[in-house]
Amino acid sequence: MMTVRTLLLIDNDASHVDVFTDALLNATDGPFQSECVKTLAEGIRRLRRREFWAIFLNLSLPDSQGMETFDKLALAVPGVPTLIIAGPKDVVVALEVLRHGAKDYLLEDHLDRDSFVRAIRNMAERKTADELLFREKERAQVTLDSIGDAVLSTDLEGKVTYLNVVAEKITGWTREEAAGKDIEEVFVIVDASTREPCVNPLRAAIKKNRTVQLTPNCILIRRDGTEFAIEDSAAPIHDQRGLATGAVIVFHDVSAARAMGVEMSHMAQHDTLTNLPNRTLLQDRLTQAIATASRNDSRIAVLFLDLDGFKHINDSLSHATGDRLLQLVAKRLLAAVRTSDTVCRLGGDEFVILLSEVAHAGDAGVKAGKILSALSAPFEMEQNTLRITGSIGISTYPEDGQSAELLIRNADLAMYQAKEKGRSNCQFFEKGMNVRAVERQSIEGDLRFALERNEFVMHYQPKIDLTTGEITGVEALIRWQHPGRGLVGPLQFISIAEDCGLVLPIGRWVLRESCKQAKAWQDAGLPAIEMAVNVSSVEFRNDEFLESVGTILKETGLEPRYLELELTESVLMQHAEFSVPVLQKLKAMGVRLAIDDFGTGYSSLSYLRQFPIDTLKLDQSFIHEINADTDEATIISAVINMGCHLKHRVIAEGVETAEQLAFLRAHGCDEGQGYYFGRPMPALETSKLLDLGTAPTVIDQGFQEPGFLQSVSRQIVN
Ligand code: C2E
Ligand code: MG
Ligand code: MG
């Protein structure tokens with residue numbers, strides 16, 4: 001059903017009313033109905049009371065004349081489409097009224113039914129078009145306000161014509177405030193890294209008459225100064241004829257995404273545990289530093305730090321403790337270097353410190369020393385106090401390598417050498433280390449098959465009672481009968497075996513072989529002697545060590561009192577609190593215990609007293625110094641005294657000369673071991689030596705003639 005459209009005629013002329021009503025009857029766009037009033041005041045009253053489709057207004061009314069008539073009406077009841085009826089004197093005014101918003105005008109002179117009908121039709125058509133346009137605009141508006149992107153448009157001059165809600169939010173300008181402002185005032189963008197103003201993409205879009213992308217990495221500064229990372233594009237707007245009339249930019253806030261990107265790239269370049277740069281970032285920085293150093297003809301140093309015995313802390317305490325310790329170490333390292341230096345964690349307990357400015361290579365050594373001493377202070381943890389040391393290898397540019405990889409690798413190689421010198425040491429890279437590293441690898445490869453191919457042999461070296469001359473026991477020393485290299489000594493492969501874990505099966509083999517041999521000698525009726533077996537730190541700290549000692553003793557049938565385990569001083573002292581209970585358990589099994597290479601580490605006397613030790617083996621370096629008329633003599637006699645005091649047996653290692661022997665005897669040293677009495681020898685030779693017995697008379701002669709026992713045994717063997 002068509003709705004009835006009501007028209008209002010405000011006109012004092014009765015003839016107009018007649019023509020008007022007649023026209024309505026003939027109008028095709030109806031149905032229409034009308035109300036007619038004679039004054040403006042009455043018209044306004046009617047308009048306020050109900051809704052009219054349109055107004056026909058005569059400018060000359062009893063209560064108002066001319067322009068004023070329209071203005072008053074438009075002010076009182078705005079928005080109703082109005083058509084003007086103008087008298088001859090009002091023609092000029094009528095044109096003016098159109099500018100004030102009237103839809104059309106009719107001249108009184110030509111006023112007839114048809115002109116009314118035409119006017120009504122035009123009015124109806126315009127209204128429909130207006131409504132369509134309004135709906136279209138409304139839909140565009142709703143759409144623009146409901147999308148997540150900000151939309152902003154300008155005219156050809158770059159004056160802002162429109163912002164949607166999101167654009168208002170991001171720019172801080174309302175549509176009304178921004179309207180007519182220069183785009184540069186409302187949409188302020190700068191480059192994120194340089195802070196230079198960016199070319200406004202709107203201007204570019206207008207100029208190039210095509211879509212342009214926003215400058216990458218661009219930041220929008222809101223009216224209140226807040227910054228947003230934004231992204232998107234601008235495009236020109238064309239009219240029906242294809243001419244540009246302005247431009248529109250669509251953009252969105254990518255702050256969160258960009259922050260995420262920054263976070264991700266940080267994560268990719270840093271170690272999550274310590275937040276230090278990781279290997280990737282180190283490579284970058286080092287490559288940069290090399291470039292700078294090569295330009296400036298300057299020097300840089302790479303310090304490769306590995307913590308000593310960290311794995312043990314991790315395994316015996318907890319990984320959480322290990323992690324915490326690494327964090328504290330990272331802090332200390334940072335505190336120990338300059339801000340221009342880079343501290344990185346490569347993973348595990350490996351750190352690299354890049355010193356970007358070193359005048360002399362020696363400075364790097366000084367720095368390494370400082371770092372080691374910074375590490376040496378105890379770490380206070382929640383539950384315990386931990387002490388840790390590190391080993392540092394140093395490489396320098398340009399001497400030790402031209403690339404980041406090479407410098408790191410060479411510092412790493414040097415670090416291994418530092419480790420071999422003992423804990424808390426540093427070592428500069430030397431050319432020969434490369435060769436050694438290759439060598440090491442080849443040994444490691446062969447070592448994997450040595451056990452199954454039965455390539456290991458045990459040699460035994462006698463220990464002599466310095467008062468009676470008796471052989472009190474032998475020390476079992478491993479040798480590797482390598483198919484290509486010949487007989488290889490333990491110093492060349494034990495530390496490699498320790499690094500790759502092979503020392504565990506090898507150590508078990510040594511223990512079994514030695515116990516079996518000792519038992520075999522006893523069974524053959526030879527004097528029962530003590531069998532001393534060396535235990536590496538890796539074995540000692542292994543959970544299954546105690547058990548395997550017990551099993552092997554049972555298997556071989558050797559009484560525990562004939563087995564002496566030799567542990568180096570550094571192994572015991574490094575984690576003294578861990579050592580005590582293990583030693584006690586071994587002791588409880590009836591096994592004898594010796595501290596090997598005594599005097600080379602830093603024994604704490606208080607621990608020494610706690611260790612249930614039977615024997616101190618005085619390191620051969622002291623014995624070799626005896627001739628050299630140094631303080632060593634005093635030290636040796638002090639150690640011998642201390643050993644006696646602690647009720648330990650003291651054995652001097654590496655006795656090579658009659659002089660040394662005389663000195664040791666004079667100072668009351670219990671036993672001796674060394675080439676002077678006999679070199680380590682195969683089992684058969686040893687058994688003949690044991691068979692020979694050890695009468696004091698033999699000793700008397702033997703002590704005058706170096707290598708006596710050796711020569712006797714050789715005679716027997718031959
Ligand atoms: P160590 O336990 O201190 O053994 C003594 C080393 O000094 C032996 O070297 C021995 O041959 C050597 N030596 C003995 N008398 C003299 C002497 O008068 N002068 C000199 N200059 N040296 C003498 P070797 O056999 O090369 O063993 C070296 C180290 O390797 C041993 O030191 C020990 O720590 C380790 N080792 C040997 N065998 C084993 C083993 O079966 N297992 C483990 N874990 N380590 C072993
Ligand atoms: Mg030993
Ligand atoms: Mg030793």
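Both counts, for ligands and for their atoms, begin at 1 and track the order of listing. By convention here, the first residue in the shown sequence is residue 1.
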Pro680 to ligand 1, any heavy atom closer than 4.0 Å:
yes
Glu653 N/O/S atom closer than 2.8 Å to the Mg ion (ligand 2):
no
Just jot down the ligand 1 atoms closer than 4.0 angstrom to any heavy atom of Glu653, in number order.
1 (P), 3 (O), 5 (C)
Between Asp306 and Lys419, is there a side-chain N and carboxylate O pair less than 4.0 Å apart?
yes
Quick test of your reading of the model: are Glu350 and Arg345 salt-bridged, counting only N-O distances below 4.0 Å?
no
Just by modelled atom types, is the Thr389 backbone N or O under 3.5 Å from a matching donor or acceptor in the Ser424 side chain?
no
Ile478: numbered ligand 1 atoms lying under 4.0 Å from its heavy atoms:
38 (N), 39 (C), 40 (C), 41 (O)
Within 45° of the six-membered ring axis of Tyr562 and under 6.0 Å from that ring's centre, is NZ or CZ of Arg592 located there?
no
Is the shortest side-chain N to carboxylate O distance from Lys463 to Glu564 below 4.0 Å?
yes
Tested for side-chain contact (heavy atoms from CB on, under 4.5 Å) against Phe379, the lone hit among Thr385, Thr321, Val329 is Val329
Minimum heavy-atom distance Thr556-Lys516, with the two atoms named:
CG2-N, 3.9 Å
State whether Lys617 and Asp597 are salt-bridged, where the test is any N-O pair (Lys NZ or Arg NE/NH1/NH2 against Asp/Glu carboxylate O) under 4.0 Å.
no
Using a 4.0 Å cutoff against the non-hydrogen atoms of Gln461, which atoms of ligand 1 qualify?
14 (C), 15 (N)
Check each heavy atom of Asn534 against ligand 1 and say whether those closer than 4.0 Å belong to the side chain, the backbone, both or neither.
both
For ligand 1, which atoms, with element, lie under 4.0 Å from some heavy atom of Leu491?
28 (C), 29 (C)
Salt-bridged, Glu444 to Arg448, with N to O below 4.0 Å?
yes
Does a salt bridge link Arg279 with Asp271, judged by any charged N lying under 4.0 Å from a carboxylate O?
no
With a cut-off of 2.8 Å, does Asp596 place any N/O/S atom under that distance from the Mg ion (ligand 2)?
yes
Kindly report the OE2-the Mg ion (ligand 2)-OD1 angle for Glu475 and Asn534 respectively, rounded to 10°.
90°
So does Arg485 pair up with Glu439, basic N to acidic O under 4.0 Å?
yes
Look at ligand 1 and say whether Lys617 reaches it with a heavy atom at a distance under 4.0 Å.
no
Test your reading of the structure: does Gln620 have an N or O sitting under 3.5 Å from an N or O of ligand 1?
yes
If you count the atoms of ligand 1 from 1 in the order shown, which ones are under 4.0 Å from a heavy atom of Asp597?
3 (O)
Heavy-atom contact under 4.0 Å between Arg479 and ligand 1?
yes
Could you tell me, atom by atom, which parts of ligand 1 come under 4.0 Å of a heavy atom of Glu539?
44 (N)
Decide ring pair (Phe, Tyr, Trp, His ring centres under 6.0 Å) for Tyr416 and Phe304; before the verdict, give the C-alpha distance in whole Å, the side-chain angles of both, and the deciding distance to 0.1 Å.
CA-CA 10 Å; Tyr416 269 101; Phe304 198 110; 8.3 Å; no
Only heavy atoms of Gly674, strictly under 4.0 Å: list the atoms of ligand 1 that pass.
15 (N), 18 (O)
In Glu566, which N, O or S atom comes closest to the Mg ion (ligand 2)?
OE1
So, regarding Tyr676 and ligand 1 (criterion: nitrogen or oxygen to nitrogen or oxygen, under 3.5 Å), is there a contact or not?
no
Structural part of Glu566 in contact with ligand 1, heavy atom criterion under 4.0 angstrom:
side chain
Run the numbers for me: atoms of ligand 1, each under 4.0 Å from some heavy atom of Glu656, listed by number.
17 (C), 18 (O), 19 (N), 20 (C), 21 (N)
